[in-house]
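Only one structure is covered here, and it is reproduced in the block below.
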Number of protein chains: 2
Amino acid sequence: MDLLKEKIKKDGIVINEHVLKVDNFLNHQVDTKLMDSIGEEFANYFKDKNITKVVTIESSGIAPAYSVASKLNVPFVIFKKQSSAILDTETTIQTPVHSFTKNTDYILMASKKYLSENDNILIIDDFLANGQAAMGAYRILKEAGSSVAGVGIVIEKSFQDGRKKLEDLGLDVYSLARVSKISSNGIEFLD
Amino acid sequence: MDLLKEKIKKDGIVINEHVLKVDNFLNHQVDTKLMDSIGEEFANYFKDKNITKVVTIESSGIAPAYSVASKLNVPFVIFKKQSSAILDTETTIQTPVHSFTKNTDYILMASKKYLSENDNILIIDDFLANGQAAMGAYRILKEAGSSVAGVGIVIEKSFQDGRKKLEDLGLDVYSLARVSKISSNGIEFLD
């Protein structure tokens, strides 16, 4: 998606060779026109997959998830991050996730009520690095008996192994910008 | 907003006389058609106020903030909740907030870079109860020198004093559903 790549080149801030800050248009301040286009791009790619629901992880995934879900005319479900497991295992599904990027652990949680065996789910997230968050979402969806139609990622760090892990599960991963290198000389993309 | 009130009556779950769960369409699973209408309603009400940016608080405010910001054709900024203050006071503005609803304390944080004296801000949030989150956002915006054009709330608990506190600051508070009573007999609205 050229519009996104241009924006990353123009406004992305290189923190180090692993960390790219996109606070200016994606994570802290959100460029609504760009986000509308991001949703259109995902919706166009997944439009023939009979998606029944979009799933995302709070909180940076919410805007792109809403954008694509609105265009696919389906609801979206926000998986919640909790610092510890909650007692209610009857109505919720929980799975532990380790974030390598932030070096933190959390419990990803969803209510069973919004996921069924009849659902065909599109997982959306802002970043794909080591794939831990998306894999956590996948585990919850499998436990709920839902099908997973694919994974839509706004920015993929292609030099990390998240995509491989998801593809090894048989998932179709569609990333709008695949960053191959982050350096003080600039940002490089695959393709 | 009749569509929202009907949805609350139909799908809202009364936990006790203070707590109404709307996980089915607003907080956990999001009804995108309803959320599109919520954005239209806010955009229509505030359209002549020369809003330059929408501000919200993660994470349940993100969807309605995106909806209205997209329709007003402006960016939106997500104020972040942190468990403790961070050292960087040069580029951020931080303020402590106490949530009476959840009985928790957090630090609300925004980057200075996305707020200026030329901004005329619309604050959007999902719930208004005691007004602490909106007041925190207001303090940050005042410190940044921005004007505040108004506050848009999806569901107001009119039996708590959040609206009064915001109106005492001279703010125009527009709530789409004003809940006057939550009981096992049902949910009542003002108007």
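Below, chain A is the first sequence line, B the second, and so on; all start at residue 1.
- When D36(A), D31(A), L72(A) are compared by the number of non-hydrogen pairs under 4.5 Å with chain B, D36(A) comes out ahead.
- The only member of R163(A), K164(A), K165(A) that meets salt bridge (charged side-chain N to carboxylate O under 4.0 Å, His left out) when paired with D161(A) is K165(A).
- Taking a 6.0 Å sphere around NZ of K142(B), one finds it holds more than 12 heavy atoms contributed by other residues, nucleotides or ligands.
- Side-chain polar atoms of S111(B) and D23(A) form no donor-acceptor pair below 3.5 angstrom.
- For the set S60(B), A69(B), P75(B), the entry with the most heavy-atom pairs within less than 4.5 Å of chain A is P75(B).
- No continuous path of hydrophobic side-chain contacts links L141(B) to L122(B) [ILVMFWY only; heavy atoms under 4.5 Å].
- Using the six-membered ring where Trp is involved, Y66(A) and F76(A) have ring planes that are parallel, under 30° apart on the 30 and 60° scheme.
- Using a 4.5 Å cut-off between heavy atoms, S67(B) touches chain A through backbone and side chain atoms alike.
- Heavy atoms of V54(A) lying under 4.5 Å from chain B are absent altogether.
- Within the 4.5 angstrom heavy-atom criterion, no atom of V55(B) approaches chain A.
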